[in-house]
Every structure is written in C-alpha cells, then in structure tokens.
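Down below is the structure, laid out as structure tokens.
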2 protein chains.
Amino acid sequence: MIEHDIFRAMADPTRRTIFEKLANGSMNASTLRQGMDISQPAMSQHLAVLRAAKLVREQKEGRFVNYEVDPDGLALIAQWLAKYRAYWPARIDALKLLLKDMDQ
Amino acid sequence: MIEHDIFRAMADPTRRTIFEKLANGSMNASTLRQGMDISQPAMSQHLAVLRAAKLVREQKEGRFVNYEVDPDGLALIAQWLAKYRAYWPARIDALKLLLKDMDQ
DNA sequence: AAAATACATAAGCACACACTTATGCGATTT
DNA sequence: AAATCGCATAAGTGTGTGCTTATGTATTTT
C-alpha cells in the first residue's frame, strides 16, 4: 500500500526536512546532509524510505546520486485529500491560491 | 507542531480507517467499533490521537460522544500540500475534479 | 439507589523504527 | 593501481507506539 508508505514516510520530521530541502532544488545525498547533523547511513536510510513512497526519485551521476522531488507521491496525497473535499471549508486561503494556480 | 501530529496520526492504517468512516457520517465511538475488531480502549486511544491532530472533533451527547471530521486538520494538510504545488503535474485528474468542485 | 452503559485513562508488554558502527562496492582521483 | 570518495546495506541497540487488561467516571436505565 503506497498510501501507507507516504504517510509513514512523512510522519518523520527529519524526512519532512529532507523533502522540503529537495523541493527547493535537487541535490545529492552528501549535500543534503549539510547543516543537518545526521550520519551518512541515516541519510541514506531516510532517502530509501522516501524513495519507496515515491516522494523522491534518484538520478545516478557518476559516483553521485542526485535526488529530486517525485511528483507521483505528491499526486497521491492530492488524490487522497480530494476524497474528503466535502469537508474542506471554503474559506481556506491555500485552496484559493491553488485554484488560481491551476487556472492558468 | 500540529503538522507533525497530523502525519503521525495518519501514518496508522487503523486511524485512517476510522477517519474514512467518519468522513461518511459522524457517529459515536461504540458505533465506530462495529466491524473493526478493535477493543474499546484502543478505539478511545486512536480517537485521542486524531483529536490532538485536529482531524476529528467530539460533541458530547449525554453518555455518548459523537465524533465527526474536523475540517481544520484537512485544511492544514491542504496548506502543507500547497507549498509544493510547483511539483504537481498538471495532468492529475484529482486536481481537475477539485478545480471543478471549487468553481461552483 | 443499584446496575448497566459509554467512554477515558493507567500501566505493562511486544514490536516497529530511527539511530549507531562496521563494512561493501562502484566511480573517481592521484 | 592504490587511495579516496559517495553511497548503500547489515547488524545491533534504545526509544516510541499500539496493543492489552484493569480501573475510574459520568450518565442513563431499571
């Protein structure tokens, strides 16, 4: 169940930080570690979890592995969220922004 | 951090089932248990976690406690998701549905 | 008022999970 | 070709989490 993988992956604050970093630009695993006080194996394990959830994807470049946000995972979250749109309050600013964004 | 509470709450499959049940109509804790093979304390604990994450809210009615979906939690997920809208592929059907839904 | 009902909370236990150190394996550098 | 670098994986360990049983507290029923 990929949906379970996604929520489980995002339940960890370190992985959310990693994901947010990648959302601001793809980079390799070593660069990701900078300013994060995390061991190399720990980073590697976190990336494996995010990969399994289709939240990030890799691109090998020589001995480096470049990571980037995988839209598939975000799409699945959006689909999950859409199931409950009956409960979204109309007032939410974020959704209005989204609307504008999708309109163009 | 409520965002952390939300992802942690949704990381458990039993809680996702409970949430989905409530999305189809509010009910009390005992009714929620029907067909779920879960003890009364376990249900109570799950509801406490969902409550802390603002994913459900309670309404006391005599000795019953009626639970319903809390839009606040869903709104926070939507806001979180909106941060990464740059990565949403335009093709996602769910988002198109959403667009239609918000347009009316 | 005594019993029953709906729910919450406490305490203890088994398992999942995030970390560590150690090691392996390609690719690059010297 | 030897050393180094970037990354992954294995194995072990402590902590978090979801379960259980036991018990408490209102509220309703009889």
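Residue numbers begin at 1 in each chain, while the letters A, B, ... track the order of the sequences.
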side-chain hydrogen bond (donor to acceptor under 3.5 Å, both in side chains) involving S39(A) - partner list, sequence neighbours excluded: none

With R57(A) via side-chain hydrogen bond (donor to acceptor under 3.5 Å, both in side chains) - residues at least two apart: E68(A)

Shortest non-hydrogen contact from [X] to [Y]?
| X | Y | answer |
| --- | --- | --- |
| Y87(A) | A23(B) | OH-O, 2.8 Å |
| L55(B) | I77(B) | CD2-CD1, 4.4 Å |
| L32(A) | M27(A) | CG-CG, 3.7 Å |

Base versus backbone protein contacts along nucleotides 25-30 of chain D [heavy-atom cut-off under 4.0 Å; B, S, -]: --BSS-

Contact pattern, 5' to 3', of nucleotides 16-22 of chain C - B, S or - by protein heavy atom under 4.0 Å: -SSBBBB

Five-pair end axes of the helix from dA1(C)-dT30(D) to dT30(C)-dA1(D) and the angle they enclose, rounded to 10°: 20°

Within residues 21-50 of chain B or reaching into it, pairs that qualify as salt bridge (Lys or Arg N to Asp or Glu O under 4.0 Å) - sequence neighbours excluded: none

Y67(B) vs dA8(C): side-chain N/O to OP1/OP2 distance below 4.0 Å: yes

Where at least one partner belongs to residues 11-35 of chain A, residue pairs that pass ring pair (Phe, Tyr, Trp, His ring centres under 6.0 Å), sequence neighbours excluded: F19(A)-Y84(B)

Partners meeting ring-ring contact (aromatic ring centres under 6.0 Å, His included) with F64(B) (sequence neighbours left out): none

Side chain to side chain donor-acceptor pair (under 3.5 Å) contacts in which one or both residues fall within residues 22-32 of chain A, not counting sequence neighbours: N28(A)-T31(A)

Value rounded to 0.5 Å, distance of CG in N66(A) from CG in L22(A): 8.5 Å

Between CE on residue M10(B) and CH2 on residue W80(A), distance to nearest 0.5 Å: 3.5 Å

Atom pair distance, as rounded to whole Å: [atom1] in [X] and [atom2] in [N]:
| X | N | atom1 | atom2 | result |
| --- | --- | --- | --- | --- |
| Q59(B) | dC7(C) | CD | P | 13 Å |
| M43(B) | dT5(C) | CE | C1' | 17 Å |
| F7(A) | dT17(D) | CZ | C1' | 18 Å |
| K60(A) | dA27(C) | NZ | P | 9 Å |

All salt bridge (charged side-chain N to carboxylate O under 4.0 Å, His left out) counterparts of R16(A), not counting sequence neighbours: E3(B)

Solution key, residues 40-52 of chain B side-chain donor-acceptor pairs under 3.5 Å, sequence neighbours excluded:
residue, atom, partner, partner atom, Å
H46(B), ND1, R15(B), NH1, 3.2
R51(B), NE, Y67(B), OH, 3.3
R51(B), NH2, Y67(B), OH, 3.3

Residues touching DNA chain C, which here means a heavy atom under 4.0 Å, drawn from residues 23-36 of chain A: none

